[in-house]
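As structure tokens, the structure follows; a few thoughts come after it.
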Amino acid sequence: MLDLTGKNALVTGIANNRSIAWGIAQQLHASGANLGITYLPDEKGKMEKKVAELVEPLNPTLFLPCNVQNDEQVASTFAAIQEKWGKLDILIHCLAFANKDDLSGDFSNTSRSGFTTAMEISTYSLIQLAGAAKPLMTEGGSIVTLTYLGGVRAIPNYNVMGVAKAGLECSVRYLAAEMGPANIRVNAISAGPIRTLASSAVGGILDMIHHVEQVAPLRRTVTQIEVGNTAAFLCSDLSSGITGQVIYVDAGYEIMGM
Ligand code: NAD
Ligand code: 0WE
């Protein structure tokens with residue numbers, strides 16, 4: 001059975017009740033995991049308050065600010081895990097960012113700084129967090145990140161994020177190869193389009209969702225909870241033979257040619 005009792009899980013990427021990370025956190029909690037939650041801090045402390053209220057019912061035993069562009073915040077996050085938990089079993093990497101200008105128009109207009117930003121926050125952060133998690137995963141572990149089909153196919157407007165996701169999926173393979181001997185598994189979930197804070201800021205997302213509803217074998221999109229259930233599986237012993245993979249949770253859309 002799917003049982004995560006006794007497992008310590010760090011979940012990044014919760015911004016609100018539509019976040020994919022929120023669906024994942026709920027399903028890890030339902031499976032018995034002990035949760036640590038990080039949030040992206042802002043100047044006014046609004047995000048801290050909002051996320052704290054949201055996650056309270058999941059009884060997190062760690063709640064920390066962690067902007068992946070800030071090395072000190074990343075270091076204190078893992079220092080707190082070491083101090084409070086002693087070991088880490090599960091890391092959920094569920095964050096991405098590109099400048100809005102780089103998510104429309106000609107891909108060939110992508111600036112050097114826009115490319116760097118997307119790669120640093122959306123791709124390097126997995127390598128960074130996995131590297132910090134590795135020494136704490138003393139009894140093995142599971143690392144799960146979120147990707148999108150735009151890393152494999154040319155999806156209109158996904159542009160520089162597609163390059164970032166291709167790098168992310170490749171990083172999953174290199175991290176899995178490195179960490180397998182320590183019984184740390186690394187996998188990605190490729191989710192179909194879901195309305196979230198990040199996706200709603202993108203023009204045309206509703207049309208894309210409508211298209212998926214017509215074409216995907218299941219004739220619908222997926223929910224954050226369905227992604228959360230696959231994440232719980234990938235974090236549990238039920239998936240003990242799976243590493244380095246990209247698993248599609250997309251109502252089957254990826255298999256279709258027309
Ligand atoms: P979301 O806006 O709820 O989550 C994105 C998160 O990234 C936010 O919590 C934000 O605070 C965080 N973030 C951004 N910059 C950060 C930084 N510098 N440091 C720390 N955190 C930072 O949107 P979401 O759709 O739930 O996105 C989560 C993940 O799922 C992303 O990797 C995204 O690419 C992926 N994904 C989303 C969809 C979709 O359609 N929504 C589909 C496939 C994959
Ligand atoms: O990965 C994503 C979202 C990525 C994202 C979204 C934003 C919007 C607001 C990264 N950075 C930003 N920066 C902002 O300022 N998805 C898979 C959702 C998504 O985004 C798209 C999509 C889909 C689907 C962008 C263009 C086309 C399709």
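Counting starts at 1 for both ligands and their atoms, in listed order.
- Within the 4.0 Å heavy-atom criterion, both parts of Leu95, backbone and side chain, lie near ligand 1.
- Remark: of the listed residues Val51, Val55, Ile37, Thr196, Val55 is the sole one forming a side-chain contact (heavy atoms from CB on, under 4.5 Å) with Trp22.
- Regarding atom 33 (C) of ligand 1, its nearest protein heavy-atom neighbour is Lys165 NZ, 3.8 Å.
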Quiz prompt | Stepwise side-chain contact (heavy atoms from CB on, under 4.5 Å) check, Val172 with Val246 | solution = CA-CA 8 Å; Val172 163; Val246 177; 5.5 Å; no
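- Of all protein heavy atoms, the one lying nearest to atom 35 (C) of ligand 1 is Leu146 CB, 3.8 Å.
- Between the side chain of Asn187 and the backbone N or O of Ile242 there is at least one donor-acceptor pair closer than 3.5 Å.
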Could you list the donor-acceptor pairs under 3.5 angstrom formed between side-chain atoms of residues 107-114 and any protein atom two or more places apart in sequence or on another chain?
from, atom 1, to, atom 2, distance (Å)
Thr110, OG1, Phe107, O, 2.5
Ser111, OG, Gly114, N, 2.9

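- Considering only residues two or more places apart in sequence or on other chains, Asp42 meets the side-chain hydrogen bond (donor to acceptor under 3.5 Å, both in side chains) condition with none of them.
- Nearest protein heavy-atom neighbour of atom 10 (C) of ligand 1: Leu40 CD2, 4.4 Å.
- Remark: Gln214 CD is packed, more than 12 non-hydrogen atoms of other residues, nucleotides or ligands lying under 6.0 Å away.
- Results of the side-chain contact (heavy atoms from CB on, under 4.5 Å) test with Gln26 over Asn229, Ile225, Leu35 single out Ile225 as the only residue that passes.
- Contact annotation: the side chain of Glu48 never approaches that of Pro65 to less than 4.5 Å [non-hydrogen atoms, C-beta and beyond].
- Considering only non-hydrogen protein atoms, atom 18 (N) of ligand 1 sits nearest to Asn67 OD1, 2.9 Å.
- Counting only heavy atoms of the protein, atom 3 (O) of ligand 1 lies nearest to Ser19 OG, 2.6 Å.
- Any N or O atom pair closer than 3.5 Å counts here, and Thr196 shares at least one such pair with ligand 1.
- Distances from atom 28 (C) of ligand 1 to the heavy atoms of Ala198, Ser122, Gly13, Cys94 put Cys94 nearest.
- Judged as a side chain to side chain donor-acceptor pair (under 3.5 Å), the pairs with a partner in residues 232-255 (not counting sequence neighbours) are, in order, Arg185-Ser239, His211-Tyr253.
- Scanning the protein heavy atoms around atom 14 (C) of ligand 1, the nearest turns out to be Ala96 O, 3.8 Å.
- The heavy atom nearest to atom 42 (C) of ligand 1, considering only Gly151, Gly150, Ser199, Ala191, is found in Ala191.
- Between the side chain of Asp89 and the main chain of Asn8, a donor-acceptor pair closer than 3.5 Å is present.
- In terms of protein heavy atoms, atom 19 (N) of ligand 1 is closest to Val68 N, 3.0 Å.
- Contact annotation: the side chain of Ile194 never approaches that of Thr221 to less than 4.5 Å [non-hydrogen atoms, C-beta and beyond].
- Between Thr147 and ligand 1, not a single N/O pair is under 3.5 Å apart.
- Compare Ala15, Ser125, Cys66 by their heavy atoms: the one nearest to atom 20 (C) of ligand 1 is in Cys66.
- The contact set between ligand 1 and Pro193, taken as ligand atoms under 4.0 Å from a residue heavy atom, comprises 40 (O).
- Note: Tyr158 and Tyr148 have perpendicular aromatic rings, judged against thresholds of 30 and 60 degrees for the angle between ring planes.
- Using a 4.0 Å cutoff on heavy atoms, Gly192 counts as a contact of ligand 1.
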Quiz item: Should Leu146 and Ile24 be marked as a side-chain contact (heavy atoms from CB on, under 4.5 Å) after you check the CA-CA gap, both sets of side-chain angles, and the distance that decides it?
Solution: CA-CA 11 Å; Leu146 268 292; Ile24 296 173; 3.8 Å; yes
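- With hydrogens and angles ignored, the 3.5 Å screen pairs no side-chain donor or acceptor of Asn99 with any backbone N or O of Asp101.
- Residue contact check: Ile14 has heavy atoms under 4.0 Å from atoms 9 (O) of ligand 1.
- Between Ile20 and ligand 1, at least one N/O pair is under 3.5 Å apart.
- With a heavy-atom cut-off of 4.0 Å, Thr38 does not touch ligand 1 at all.
- The residues Glu53 and Lys49 are annotated as salt-bridged, a charged nitrogen and a carboxylate oxygen being separated by less than 4.0 angstrom.
- Protein residues having at least one heavy atom under 4.0 Å from any atom of ligand 2 are Phe97, Ala98, Lys100, Leu103, Tyr148, Pro156, Asn157, Tyr158, Ala198, Ser199, Ala201, Val202, Ile205, Met208, listed by chain and number.
- Looking only at heavy atoms of the protein, atom 41 (N) of ligand 1 is closest to Ile194 O, 3.1 Å.
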